[in-house]
Structure formats: structure tokens, C-alpha cells
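One structure is given below, encoded as C-alpha cells.
The model shown is predicted, which means the values in this text are computed figures rather than measured ones.
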Amino acid sequence: SGQRPAPAAPPGRPQGKHLQLLLRRSREAKNCAYCPYSNFPVGAALLTADGEIFSGCNVENACYSLGVCAERTAIQKAISEGHTSFRAMAITSDMGDHFIVPCGACRQVMREFGTDWDIYLTKADGTYIVKRLEELLPLSFGPEDLKK
């Protein structure tokens with residue numbers, strides 16, 4: 001009495017074991033990172049609308065500009081398997097004091113697939129904050145803008 005029920009999670013937001021799995025898969029992907037130049041491993045795990053998870057890590061190259069981020073690796077893996085609708089992504093690094101955030105290029109690639117999905121930004125200790133993609137890339141340009 002006097003207490004309100006906890007607010008319901010937005011539709012499609014992973015809960016409980018599903019969220020823990022998404023976070024764990026991002027940590028596992030980070031362990032596969034190929035980053036001999038930056039020594040900055042990053043992992044990402046992408047949850048599709050139908051519940052599949054695709055993970056990715058950053059992959060660097062001696063020609064620095066040819067490297068690819070973990071977030072884009074996960075998205076490209078999902079797309080190559082026929083998935084284009086996403087619910088959430090977890091991103092993991094070894095940054096101790098700060099939450100990892102996606103670079104601008106990754107934010108724009110994510111934006112290609114809508115703005116209404118969750119991005120879990122983690123610290124090395126496993127704590128996280130959740131942002132909607134539209135919060136990470138406000139006033140964005142997307143596919144619908146090409147039809148105006």
C-alpha cells in the first residue's frame with residue numbers, strides 16, 4: 001500500500017536471463033578482439049527482433065583505417081544472416097572508470113536500422129547504463145530522409 005508497481009520495461013527490452021546472456025556474449029566477444037595496435041579490446045552483442053544474438057569484436061589492421069569496430073562487426077554478421085530488425089546491443093570494454101560508448105561511425109551504422117532500440121553501455125565491472133539509440137545520435141539522418 002502506497003507503493004507503486006515497478007514500471008514495465010519498454011516492449012522488446014531484454015529482461016533477467018536474456019539480458020544477462022546479452023551482456024555475457026558481449027564480454028565473450030571482447031576476449032576475441034584483435035587489437036595489437038590500440039590494445040583496446042571491445043566486444044558487442046546484438047539482439048535481433050526475433051531473439052537471436054550476434055556478437056562481434058574489434059578487428060584492427062596494420063593499415064589503421066581498415067580496422068572495424070565491434071558494433072559494426074556484430075551488425076554485419078546479423079545482416080549477412082538475414083536479420084535487419086534489432087532490439088538491443090550490449091557493448092563491453094576494459095575501461096574501468098567510464099562506460100564504453102560507440103564511435104560516431106558505429107552510431108550512424110546502428111541508425112540505419114532505426115532509432116528505437118536499446119544500447120547497454122558497460123564498465124569493466126559489469127555495471128551498465130541503457131540509452132536509446134536516438135539519445136546517442138540526436139537529429140540523425142536515416143534512410144527515410146532519402147525519400148523526402
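- Taking all atoms of both residues into account, the shortest heavy-atom contact from Ile91 to Thr122 is O-OG1, 2.7 Å.
- Connection of Leu121 to Met110 is established within a shared hydrophobic cluster, with ILVMFWY side chains joined at heavy-atom distances below 4.5 Å, either directly or through further cluster members.
- The line from CG of Asp125 to CE of Met95 is 12.0 Å long, rounded to the nearest 0.5 Å.
- With respect to the salt-bridge test (charged N to carboxylate O, under 4.0 angstrom), the residues Asp118 and Arg132 qualify.
- Using a cut-off of 4.0 Å between Lys/Arg side-chain N and Asp/Glu carboxylate O, Glu144 and Arg111 are scored as salt-bridged.
- Here the CG-CZ distance, from Leu146 to Phe141, works out to 4.0 Å after rounding to the nearest 0.5 Å.
- Connection of Leu137 to Phe113 is not established within any shared hydrophobic cluster, with ILVMFWY side chains joined at heavy-atom distances below 4.5 Å, either directly or through further cluster members.
- Other residues, nucleotides and ligands contribute at most 12 non-hydrogen atoms within 6.0 Å of the CG atom of Asp97.
- The backbone N or O of Ser38 lies less than 3.5 Å from a partner atom in the side chain of Glu60, making a donor-acceptor pair.
- Tracing side-chain contacts under 4.5 Å through hydrophobic residues (I, L, V, M, F, W, Y), one reaches Ile79 starting from Met89; they form part of the same cluster.
- Across all non-hydrogen atoms, the minimal contact from Thr115 to Ser140 is CG2-OG, 4.0 Å.
- Residues Leu133 and Phe86 are not in side-chain contact: their nearest non-hydrogen atoms beyond the backbone lie 4.5 Å or more apart.
- Heavy atoms only, all atoms of each residue included: Thr73 and Gly56 are closest at CG2-CA, 3.8 Å.
- Of all the heavy atoms in Cys106 and Arg72, the pair that sits closest is SG-NE, 3.3 Å.
- Residues Tyr34 and Cys57 fail the side-chain proximity criterion, which asks for heavy atoms closer than 4.5 Å.
- Looking at heavy atoms from C-beta onward, Ser85 lies out of side-chain contact with Asp50 at the 4.5 angstrom threshold.
- Applying the side chain to side chain donor-acceptor pair (under 3.5 Å) criterion to Glu28, with sequence neighbours excluded, gives Arg24.
- Within a 6.0 Å radius of NE2 in His83, other residues, nucleotides and ligands contribute more than 12 heavy atoms.
- Put simply, OH on Tyr128 and CG on Leu19 are 4.5 Å apart, with the number rounded to the nearest 0.5 Å.
- Annotation: the span from Lys77 atom NZ to Ile75 atom CD1 amounts to 12.5 Å, rounded to 0.5 Å.
- A distance-only check finds no donor-acceptor pair linking the side chain of Glu71 to the backbone of Ala105 [under 3.5 Å].
- A donor-acceptor distance shorter than 3.5 angstrom exists from the side chain of Asn58 to the backbone of Val42, with no hydrogens or angles considered.
- Interatomic distance, CG of Leu22 versus CZ of Arg27, reported as 10.0 Å (0.5 Å rounding).
- Atoms OG1 and CZ, from Thr127 and Phe99 in turn, are 4.5 Å apart once rounded to the nearest 0.5 Å.
- Considering every non-hydrogen atom in both Ser26 and Ala90, the closest pair reads CB-O, 3.5 Å.
- Hydrophobic clustering of Ile, Leu, Val, Met, Phe, Trp and Tyr side chains at less than 4.5 Å, counting indirect connections, unites Ile119 with Val109.
- By the 4.5 Å heavy-atom criterion applied to side chains, Lys30 and Asp94 are counted as neighbours.
- With hydrogens and angles disregarded, a donor-acceptor distance shorter than 3.5 Å links the side chain of Arg107 to the backbone of Leu136.
- In plain terms, the two heavy atoms of Gly96 and Lys123 that are nearest each other are O-CD, 3.9 Å.
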